[in-house]
2 protein chains.
Amino acid sequence: MSSDTGYGQYCPLAMASEMLGNKWTMLVIRELLDGSTRFNDIGRGLPLASRSLLARRLRELEQNGLVEHSAGTRGKSGKYRLTAAGEALSSVVRAMAIWGQEWIDEEPSLRNIDVRFLMWDMRRNVHPAEFLPDPFTVQFIFSDAPEGLKDHWLVFKRDDVDLCYVDPGKEIDVYVETDLRTMTRVWMGWCRLQDALKEDKISITGQDKYVSRTLDWLGLSGLSKVSKQLKHIRVGGNSTV
Amino acid sequence: MSSDTGYGQYCPLAMASEMLGNKWTMLVIRELLDGSTRFNDIGRGLPLASRSLLARRLRELEQNGLVEHSAGTRGKSGKYRLTAAGEALSSVVRAMAIWGQEWIDEEPSLRNIDVRFLMWDMRRNVHPAEFLPDPFTVQFIFSDAPEGLKDHWLVFKRDDVDLCYVDPGKEIDVYVETDLRTMTRVWMGWCRLQDALKEDKISITGQDKYVSRTLDWLGLSGLSKVSKQLKHIRVGGNSTV
DNA sequence: CAGTATCCGATGCGATACTG
DNA sequence: CAGTATCGCATCGGATACTG
């Protein structure tokens, strides 16, 4: 009488849920909206997703017409791009992200920090600053990151920013030392950089002029301008898991 | 290092997906946004969802702070209501619904028609018309509905509209005879009522003055004002299933 | 680098039966 | 009417190994 495992509703919301509701699907779309086109770049934004699942999701999205896959011609890697319909999902992604930023409490969020995602998120949203040496290298040191993932480097170049997990061997212009919670809170706009500095939860060192510049972009995730609702009406205390 | 089965991302989109991504969750929220408060009313908008699952979803939503459940005091039934955070999801629901209406092709949608949902959707979005007899009864006859679900009645009263699956025994003011696809297409704005009438895919009979009134509300689902993109760029040809 | 193929375990979900 | 409890199957997704 109605399709196998679906909702049995012609309703556009139900149809959209069937297409977008699978685990990881929305996040894959976000990666694409944010500009990643290659398989491994998309995967870098989803550290906990297995490769086989990522491949499956991309295939589904392609079959559904949300993603186009141009196969790579020998040596060159293929590219994934959103179709017009896929691009149009930005309104949905934005609505969900803003809702989450406004209404979900910090605490459950801070229990979900993967340092690889944090750094990838920063690398994506930070722009090559002008009037800086080229290259300009910032080293992040997270006291509480898992072994082997304590140090990260952001290398600002003229038109690009590189993210490294191993010492790129460049001269370091600025050091940022902190813990993952603090970095995340500052980055997301959940606490003011000034306050974190005052409480000695983060330290930024290097030449004075560079340090002061660093203060400009460190609290600037795309969502940091959206502020949270008052603590007592936020949600997510009990995780669904 | 990160939560059990989650995305491992503090990111608000990921957190929101964890809360809302489970099957049926979005549709439950839609029912609540549309004003249903009682367990069985919510269930009526989700004919294919099992009762036990619906109960589970409502409990999760309550634990997450999106729904409040006031227990019923003897005899009186309890009520489910969205909290402020839950109400705020209307922006997300609207964005998804509009995206679906614009971009998902008719064909896959029309393979998912459950007549009970169709009628419930109409009953919800239709308003008691003024200047009509009270009560005013419309009988729908779907030639291709499953046995026992061919006839439905919408009874317009002063401040309410009743939906019946069995003959309410009232005098019928207007008859609407058609098939499920046509009714759905007209209702959703995917085809003009005029055209369906012209092609004899739908017939509306009764006293002339009432028939002409019926034409006014029959093509008026909340989303019917949003029109679809051109056929060739729509999506969903291959269902995810 | 960019995937595919296969296996297997966890869980999600539906069906059914039962309670206040 | 408004749910809860239990069971068992189906599918989803993670891990691993393999390919061009």
Side-chain angles (χ1 to χ4, degrees), chain A residues 1-8 14 17-28 31-32 36-63 67-81 114 239-241, chain B residues 1-8 14 17-28 31-32 36-63 67-81 114 239-241:
Chain A
M1 158 187 192
S2 49
S3 113
D4 319 339
T5 175
Y7 295 114
S17 296
E18 277 187 51
M19 261 188 212
L20 308 171
N22 275 340
K23 215 179 159 192
W24 290 109
T25 300
M26 278 300 241
L27 300 189
V28 171
E31 293 303 313
L32 290 161
S36 293
T37 60
R38 302 191 322 181
F39 187 82
N40 276 341
D41 280 347
I42 297 166
R44 218 156 271 138
L46 313 168
L48 262 51
S50 72
R51 288 307 151 101
S52 53
L53 184 59
L54 178 54
R56 220 174 307 161
R57 287 289 175 267
L58 285 166
R59 207 181 317 128
E60 290 166 8
L61 286 169
E62 195 187 353
Q63 284 170 353
V67 163
E68 270 171 6
H69 184 206
S70 63
T73 29
R74 73 155 169 296
K76 301 287 297 178
S77 62
K79 288 190 188 309
Y80 295 91
R81 291 186 192 288
D114 184 295
S239 78
T240 309
V241 257
Chain B
M1 156 192 196
S2 48
S3 111
D4 320 340
T5 176
Y7 295 115
S17 296
E18 279 187 50
M19 262 189 212
L20 307 171
N22 276 339
K23 214 179 159 191
W24 291 108
T25 300
M26 278 300 240
L27 300 190
V28 171
E31 293 303 313
L32 290 161
S36 293
T37 61
R38 302 189 323 180
F39 186 81
N40 277 340
D41 280 348
I42 298 167
R44 217 155 273 139
L46 313 168
L48 261 51
S50 72
R51 288 313 155 97
S52 52
L53 184 60
L54 178 55
R56 220 175 308 161
R57 286 289 175 268
L58 285 166
R59 207 180 317 127
E60 290 166 9
L61 287 168
E62 195 186 352
Q63 284 170 355
V67 163
E68 271 170 5
H69 184 204
S70 62
T73 29
R74 73 153 170 295
K76 301 288 297 177
S77 63
K79 287 190 188 309
Y80 295 91
R81 291 184 192 289
D114 183 295
S239 79
T240 310
V241 254

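Within every chain, numbering begins at 1; the chains are lettered A, B, ... in the order of the sequence lines, protein sequences first and strands thereafter.
Here B:Arg38 pairs with B:Asp41 under the salt bridge (Lys or Arg N to Asp or Glu O under 4.0 Å) rule; sequence neighbours left out. Annotation: ring pair (Phe, Tyr, Trp, His ring centres under 6.0 Å) contacts of B:Tyr80 (sequence neighbours excluded): B:His69. Taking the side-chain contact (heavy atoms from CB on, under 4.5 Å) definition, one finds that A:Arg56 meets it with A:Ser52, A:Leu53, A:Arg59, A:Glu60, sequence neighbours left out.
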Could you go over nucleotides 3-7 of chain C and give all protein N or O partners under 3.5 Å, atom names and distances?
from  : atom 1 : to      : atom 2 : distance (Å)
C:dG3 : OP1    : A:His69 : NE2    : 3.3
C:dG3 : OP1    : A:Tyr80 : OH     : 3.0
C:dG3 : OP2    : A:Tyr80 : OH     : 3.1
C:dG3 : O5'    : A:Tyr80 : OH     : 3.3

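Put simply, CG on A:Leu48 is 11 Å from C1' on D:dG14, counting in whole angstrom units. Distance A:Tyr7 OH to C:dG12 P: 14 Å, rounded to the nearest Å. One interatomic measurement links the two molecules: CD of A:Glu62 to C1' of C:dA2, which rounds to 14 Å at whole-angstrom precision. Regarding B:Leu54, its CG atom lies at a distance of 13 Å from the P atom of C:dC13, rounded to whole Å. In this entry the distance linking CG of A:Asn22 with P of C:dG12 reads 14 Å, nearest Å.
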Annotated structure of DNA chain C as dot-bracket, pair cut-off 3.5 Å, Watson-Crick or G-U only, | for inter-strand, is ||||||||||||||||||||
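In this structure, B:Leu20 and B:Met26 approach most closely via the heavy-atom pair O-CG, 4.0 Å. The two atoms that bring A:Glu31 and A:Ile42 nearest to each other are CG-O, 3.9 Å, heavy atoms only. Residue B:Ser17 comes nearest to A:Leu27 through the heavy atom pair OG-CD2, 4.5 Å, listed as atom of the first residue, atom of the second, then distance.
Note: A:Tyr7 OH to B:Asp114 CG = 14.5 Å, rounded to the nearest 0.5 Å.
The side chain of A:Leu53 sits closest to D:dG14 out of C:dC13, D:dG14, C:dC1. When each of D:dG14, D:dC1, C:dG14 is scored by its nearest atom to the side-chain atoms of B:Lys23, the top-ranked nucleotide is C:dG14.
With hydrogens and angles ignored, the 3.5 Å screen pairs no side-chain donor or acceptor of A:Arg51 with any backbone N or O of A:Asn40.
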